[in-house]
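For ligands, and for the atoms within them, numbers begin at 1 and follow the listed sequence.
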Amino acid sequence: MKRGATKVLFVSSEAYPLIKTGGLGDVLYSLPHAVHARGADIRLLLPGYRALLRQLEQVRILGWMDVRGAEGMVTARVLETRHPDFAFPLWVVDCPPLFDRPGNPYTNASGQDWPDNAERYTVFSRVAAQLAMDGLEHGWKPDVVHAHDWQTGLVAAFLADQPGRPKTVFTIHNLAYSGFFPHGEFIRLHLPNHWWSSEGVEFHGGLSMLKAGIVYADAITTVSPTYAAEICTPEFGFGLDGLLQSRSYKLQGILNGIDENLWNPHTDPRLPAHYSMSRIQPGKRRNKQALLERFMPHADEAALAAPLLGLVGRLVEQKGIDWVLAAIPVLLAETDVRLVLLGSGQVVYEQKLTRLARQYPDRVFVEIGYDESLAHLIEAGADLFLMPSRFEPCGLNQMYSLRYGTPPIVYKTGGLADTVVDANEVTLADASANGFVFDTPDASTFLATIHRALALYRQPARWRRLQQTGMQQSFDWADSAAHYLALYAA
Ligand code: ADP
Ligand code: GLC
């Protein structure tokens, strides 16, 4: 039997508040803390992006590593730092030619993938694998390496045939992003020949880093039970459903939690007014006013009374933005709703949404960009939250909105199906309803569901109960952290 705390090396490309493009960042903040709080000994390894390095104060150099890159050897400096937001040490792969760049971790200023992404994440994964073997010989060797998403898919592969290696766990946060690169990259990066087969990393003639994680990790998890089942089907499997089915013995879905301290309407420092389940108004209304007044000079009684729909998210096909674009003009014509939307992503969605806002300047408010504080204010100030994702591995925003008394409207998929209970006569009567769920993936069903939600919004007593049901639910990490700890120990 092993003595002492389980040592876990988390490997990820994102962790809030240092670097975040979506839910991956949130989870890599709160999950390591949740397992740390339950006694595990944690290190979290991240790439040394420019934005991240700038936030570090005291760093210690753990050592240097030379690993193979695309044009010969690459030297990476491994840093250790303590950061006030983290209860455990952070490790950072500092390799300026690969990571010291402005802006987004994955794309350049015009939204195109960095051309050397294959090399960047191969080098990152090589360093991670060596650290997992205590390659710098400073006396900390993990029992488990827990790697996340395609950027870290090669970690398990590099470790697979190492004697005395730690257990490897690979978590899929989104199967749609596979880290797919041409065969030429596989050659240039000197990846082992024996990986190149349909049973290895090869996928439709190229290299799939996500597939590497699936094939070589000892255990695979994904972020909700429903998504774990969905990805084994052709509809949601992105061509990997057969492989995932064949690996179902080592695949499980563990629902994400949320950080209930960061996302708490009673204490959230980003909100102008606080509120709680027992007294939702007037706090929520003051947030609504503040939110509206970001976009219009004065929010009068009519503006405050009209239902306000909110949306925060990456503007990509996954998120059903085209259904929003189809539904909103109809809703504007038929009802008095307003919409506040914050997001960034595909240029075509950004343009169409900006055009819609210009067309309805008093009723559609669109902010293109990334703004953590505005995201909190939308969760608190909107009346309803739109999240019509075509697929959603887990989704955090619907849980944030439940907690903020802003019932979500979601499509029945993945983690949305696992967390939102549709309001109907039965679920309203037994007080299990917390939002609105549609199960036909098209714009007209989405629109009809918004109408259904608006009808309930006009019944204040029933609406309050719906809000309260969501607000009193717990989405903390307790159960999920216990599942991960059991998996580490298995
Ligand atoms: P995904 O990971 O697919 O983007 P999630 O719902 O799991 O979806 O998580 C999204 C996270 O990213 C949430 O914390 C959300 O508030 C945040 N987010 C997404 N887009 C923005 C934005 N434009 N500004 C601020 N926060 C954003
Ligand atoms: C991904 C998924 C999202 C999930 C998040 C955190 O980005 O798209 O559904 O909540 O990862 O696991």
Side-chain angles (χ1 to χ4, degrees), residues 10 12-17 19-32 34 104-106 146-152 170-178 210 221-228 230-231 236 238 253-259 262-263 268 270 310-321 340-346 349-350 353 365-380 382 385-404 406 408 410-411 413-420 475 477 480 484:
F10 279 86
S12 166
S13 170
E14 299 186 23
Y16 171 90
I19 185 86
K20 164 177 164 183
T21 68
L24 176 69
D26 289 351
V27 171
L28 266 295
Y29 172 77
S30 44
L31 170 61
N104 186 290
Y106 317 118
H146 190 169
H148 295 263
D149 264 356
W150 71 265
Q151 300 89 344
T152 65
F170 181 61
T171 296
I172 301 168
H173 292 261
N174 196 334
L175 201 68
Y177 301 91
S178 65
L210 189 86
T221 71
T222 188
V223 288
S224 69
T226 295
Y227 193 61
E230 286 174 344
I231 56 178
F236 294 96
F238 289 93
I254 302 177
L255 191 70
N256 285 333
I258 61 172
D259 190 303
L262 288 175
W263 293 91
D268 189 338
R270 293 182 156 109
L311 191 157
V312 179
R314 294 181 296 110
L315 304 178
V316 295
E317 202 198 351
Q318 173 191 345
K319 302 290 177 181
I321 303 302
V340 177
L341 182 149
L342 165 66
S344 62
Q346 285 172 22
Y349 291 134
E350 293 184 353
L353 288 164
F365 310 113
V366 170
E367 180 121 346
I368 300 298
Y370 192 91
D371 184 335
E372 196 77 35
S373 293
L374 182 56
H376 284 243
L377 186 59
I378 292 176
E379 293 289 5
F385 193 85
L386 305 182
M387 198 157 170
S389 309
R390 287 191 161 75
F391 65 94
E392 195 60 78
C394 179
L396 300 173
N397 273 319
Q398 84 281 10
M399 293 192 263
Y400 299 151
S401 55
L402 286 168
R403 194 150 166 75
Y404 280 59
T406 310
V410 305
Y411 174 54
T413 185
L416 301 176
D418 290 342
T419 52
V420 184
F475 294 106
W477 275 96
S480 306
Y484 280 110

Margin query: I'd like to check whether E392 has a polar contact with ligand 2, where a contact means an N/O of the residue lying under 3.5 Å from an N/O of the ligand.
Written below: yes
Checklist line | Inter-residue atom distance E392.CD - D418.CG, 0.5 Å rounding | finding: 11.5 Å
Check: Given the side-chain rings of Y400 and W263, with only the six-membered ring counted for Trp, is the space between their centroids under 6.0 Å?
Finding: yes
Check: Strictly by modelled atom types, are T406 and E379 linked by a side-chain donor-acceptor pair under 3.5 Å?
Finding: no
Checklist line | Pairing residues for Y411 by the side-chain hydrogen bond (donor to acceptor under 3.5 Å, both in side chains) criterion, not counting sequence neighbours | finding: none
Next item on the list: Verify whether one side chain among T21 and E14 offers a donor that lies under 3.5 Å from an acceptor in the other.
Entry: yes
Give every pair formed by an N or O atom of ligand 1 and a protein N or O atom closer than 3.5 Å, one pair per line with both atom names and the distance to 0.1 Å, or write none.
unit_1, atom_1, unit_2, atom_2, d
ligand 1, 2 (O), G23, N, 2.6
ligand 1, 3 (O), R314, NH2, 2.7
ligand 1, 3 (O), K319, NZ, 2.8
ligand 1, 4 (O), R314, NE, 2.7
ligand 1, 6 (O), L396, N, 2.9
ligand 1, 6 (O), N397, N, 3.3
ligand 1, 7 (O), L396, N, 3.2
ligand 1, 8 (O), K319, NZ, 3.1
ligand 1, 9 (O), G23, N, 3.2
ligand 1, 14 (O), K20, NZ, 2.9
ligand 1, 14 (O), D26, OD2, 2.6
ligand 1, 16 (O), N397, OD1, 3.3
ligand 1, 23 (N), G369, O, 2.8
ligand 1, 24 (N), D371, N, 3.0

Notebook entry, point to check: With backbone taken as N, CA, C and O and side chain as the heavy atoms from C-beta onward, which portion of V27 lies under 4.0 Å from ligand 2: side chain, backbone, both, or neither?
Noted result: side chain
Item checked: Ligand-residue contact atoms, ligand 2 with Q318, heavy atoms, under 4.0 Å -> 8 (O)
Next item on the list: Could you tell me which atoms of ligand 2, counted from 1 in the order shown, lie closer than 4.0 angstrom to a heavy atom of N174?
Entry: 8 (O)
Checklist line | Nearest-neighbour protein heavy atom for atom 10 (O) of ligand 2, which is reported as residue plus atom name and distance | finding: G395 N, 2.7 Å
Margin query: Aromatic contact between F238 and F391, with the criterion being ring centroids under 6.0 Å apart: yes or no?
Written below: yes
Check: At what distance, to the nearest 0.5 angstrom, does CG of D259 lie from CG of L396?
Finding: 10.5 Å
Note to self: Below 3.5 Å, N or O to N or O, backbone or side chain included: is there any such pair between C394 and ligand 2?
What the structure shows: yes
Notebook entry, point to check: How about E372: does its CD atom have over 12 heavy atoms from other parts shown lying under 6.0 Å from it?
Noted result: yes
Item checked: Contact atoms of ligand 2, heavy-atom distance to N256 under 4.0 Å -> 6 (C), 10 (O), 12 (O)
Next item on the list: May I ask you to identify the nearest protein heavy atom to atom 1 (C) of ligand 2, giving residue, atom name and distance to one decimal place in Å?
Entry: H173 O, 3.1 Å
Check: Considering only heavy atoms from C-beta outward, does the side chain of L341 approach that of E367 to under 4.5 Å?
Finding: no
Next item on the list: Please check if any side-chain donor atom of H376 sits under 3.5 Å from a side-chain acceptor atom of D268, or the reverse.
Entry: yes
Item checked: Distance in Å, W477 CH2 paired with N256 CG, rounded so as to fall on 0.5 Å steps -> 4.0 Å
Margin query: So is G22 touching ligand 2 or not, going by heavy atoms under 4.0 Å?
Written below: no
Item checked: Numbering as shown, the atoms of ligand 2 that approach V223 to under 4.0 Å (heavy-atom distance) -> 12 (O)
Notebook entry, point to check: Based purely on interatomic distance, does G23 place a nitrogen or oxygen under 3.5 Å from a nitrogen or oxygen of ligand 2?
Noted result: no
